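All values reported here derive from a predicted model rather than from experimental measurement. In listed order, ligands and their atoms are each counted from 1.
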Amino acid sequence: MSAIPPPIGLLAELTHRCPLGCPYCSNPVALEKRGDELDTATWQRVMREAAALGVLQLHLSGGEPTARRDLEDILATAAEAGLYSNLITSGVLLDRARLQTLAAAGLNHVQLSIQHAEAEAADRIAHFRGAHARKLALAEQVREAGLALTINAVLHRGNLDAVAEIIALAEQLGAGRLEIAHTQYHGWALRNRAALMPEAAQVEDSRRVVAEARQRLEGRMVIDFVAPDYHATRPKACMGGWGRRFLNISPSGAVLPCHAAETIPGLRFDRVTERSLEAIWYGSEAFNCFRGTAWMPEPCRSCDRREIDWGGCRCQALALTGDAARADPVCALSPDHGVMAAVTAEPAGEALAWRR
Ligand code: SF4
Ligand code: FES
């Protein structure tokens, strides 16, 4: 047990309810229902158990976490337990008054999503008229409330050419950090892959724009940029390695090594209503299944990067090869790497399926 480090981060998906309809949503195709969500007292117990387990950072997510009316109660318990809290929000359900009650309950940080730098395009992607204007107003209110602000944008073919404008907007909004990460093709997003997949030239241009902006903004705004895997030759250490640093809890209480883990057939996920978080982290079948390196096939088993990228992403391996236990096909050493070229060579799709 001692060889397994405690987790540092917990992503609490408080609800799958969401007012937006983004086509890149990586939540499951079948969303969990409101009636199945954990109640306030259970989330509060989870917060105390997480802190006792060693978790330092709490990410309150969804869906849209502010759709939960008991968010303040959950936050207050998390703050009492010593967790640093980050609210991941679309912002459209929040106003100044609610933001202030959240701040008073102990909220430390707001991560506000934007869909584009330009209002009409942003509202089209979000499938919510007026969303962009509300987000701009909220960013100002976050700063007024004295909370740290990160702007987050999911990138895809429809907004990758606007990366420079997205960076400029985040700067103008006074964000300390900008996270721009390419769409992860899990859940709902997978069905939109052909329409969301960028051109290789767009990816290259965006790398250049980000590199220049990082130099210009050094010391003022941090830019976290995650380029698309599909144009790479080595995978990323998804989640910092399976069961090594992070855990997710679904709205109904399933404890997951990553947010897409429930797509993997045959894995059983323990629930916070059945066992303690500590028992699940150290002892559950799902966390131990792909933890470390013992599960790895070749070429990962004898590769000198096996404790750097941990074989890449299990859910991506599943989505692209049908087997979660194979090397991530992003890796040029994987016998399945050819599938990446086949996917990126597919004709671009135009029709997007929005979430609602
Ligand atoms: Fe990573 Fe496996 Fe590729 Fe090595 S062979 S770089 S461990 S995915
Ligand atoms: Fe599940 Fe990468 S998203 S391991």
- Message: Within ligand 1, which atoms have a heavy atom of R306 less than 4.0 Å away?
- Response: 7 (S)
- Considering all heavy atoms, the nearest E37-R17 contact: OE1-NH2, 2.9 Å
- Note on the structure: ligand 1 atoms nearer than 4.0 angstrom to some heavy atom of R234 are 6 (S)
- Message: Which residue and atom name correspond to the protein heavy atom nearest atom 3 (Fe) of ligand 1, and how close is it?
- Response: C331 SG, 2.3 Å
- Item | Protein heavy atom at shortest distance from atom 2 (Fe) of ligand 1 | C300 SG, 2.4 Å
- Message: Suppose we measure from atom 4 (Fe) of ligand 1 to each protein heavy atom; which comes out shortest, and what is that distance?
- Response: C303 SG, 2.3 Å
- Message: Counting only heavy atoms from other residues, nucleotides and ligands, does the tally under 6.0 Å from CZ of R124 exceed 12?
- Response: no
- Knowing that exactly one of V226, L190, L196, N192 qualifies, which makes a side-chain contact (heavy atoms from CB on, under 4.5 Å) with T183? L196
- Kindly confirm or rule out a cation-pi arrangement of R244 over W242, judged by NZ or CZ under 6.0 Å from the six-membered ring centre and within 45° of its axis? no
- Task: Would you sort out whether R45 and E49 count as a salt bridge (Lys or Arg N to Asp or Glu O under 4.0 Å), showing the intermediate values?
- Result: CA-CA 6 Å; R45 172 174 59 78; E49 287 186 5; 3.0 Å; yes
- Task: Mind telling me whether H109 and Y84 have parallel, tilted or perpendicular rings, with 30° and 60° as the class edges?
- Result: tilted
- Query: With a cut-off of 2.8 Å, does C315 place any N/O/S atom under that distance from atom 1 (Fe) of ligand 2?
  - Reply: yes
- Task: Would you kindly specify which portion of M296 sits under 4.0 Å from ligand 1, judged on non-hydrogen atoms: side chain, backbone, both or neither?
- Result: neither
- Would you mind checking which non-hydrogen protein atom is closest to atom 4 (S) of ligand 2, with the distance to 0.1 Å? R314 N, 3.4 Å
- Message: Tell me the contacting part of H186 for ligand 2: side chain, backbone, both, or neither, using a 4.0 Å heavy-atom threshold, strictly below.
- Response: side chain
- Query: Is it the side chain (CB and beyond), the backbone, both or neither of P235 that lies under 4.0 Å from ligand 1, heavy atoms counted?
  - Reply: side chain
- Item | Where ligand 2 meets C238 - atom numbers and elements under 4.0 angstrom, heavy-atom basis | 2 (Fe), 3 (S), 4 (S)
- Query: Can you list the ligand 2 atoms lying under 4.0 Å from a non-hydrogen atom of C313?
  - Reply: 2 (Fe), 3 (S), 4 (S)
- Note on the structure: Heavy-atom proximity to atom 7 (S) of ligand 1, picking from D309, T233, I308, points to D309
- Query: Is the shortest distance from a heavy atom of Q316 to ligand 2 less than 4.0 Å?
  - Reply: no
- Message: Less than 6.0 angstrom from the centroid, inside 45 degrees of the normal: does R245 satisfy that with respect to the ring of W310?
- Response: no
- Item | Donor + acceptor pair across side chains of T15, E64 (<3.5 Å) | no
- Using distance alone, with no hydrogens and no angle criterion, decide if S26 and Q184 have a side-chain donor and acceptor under 3.5 Å apart. no
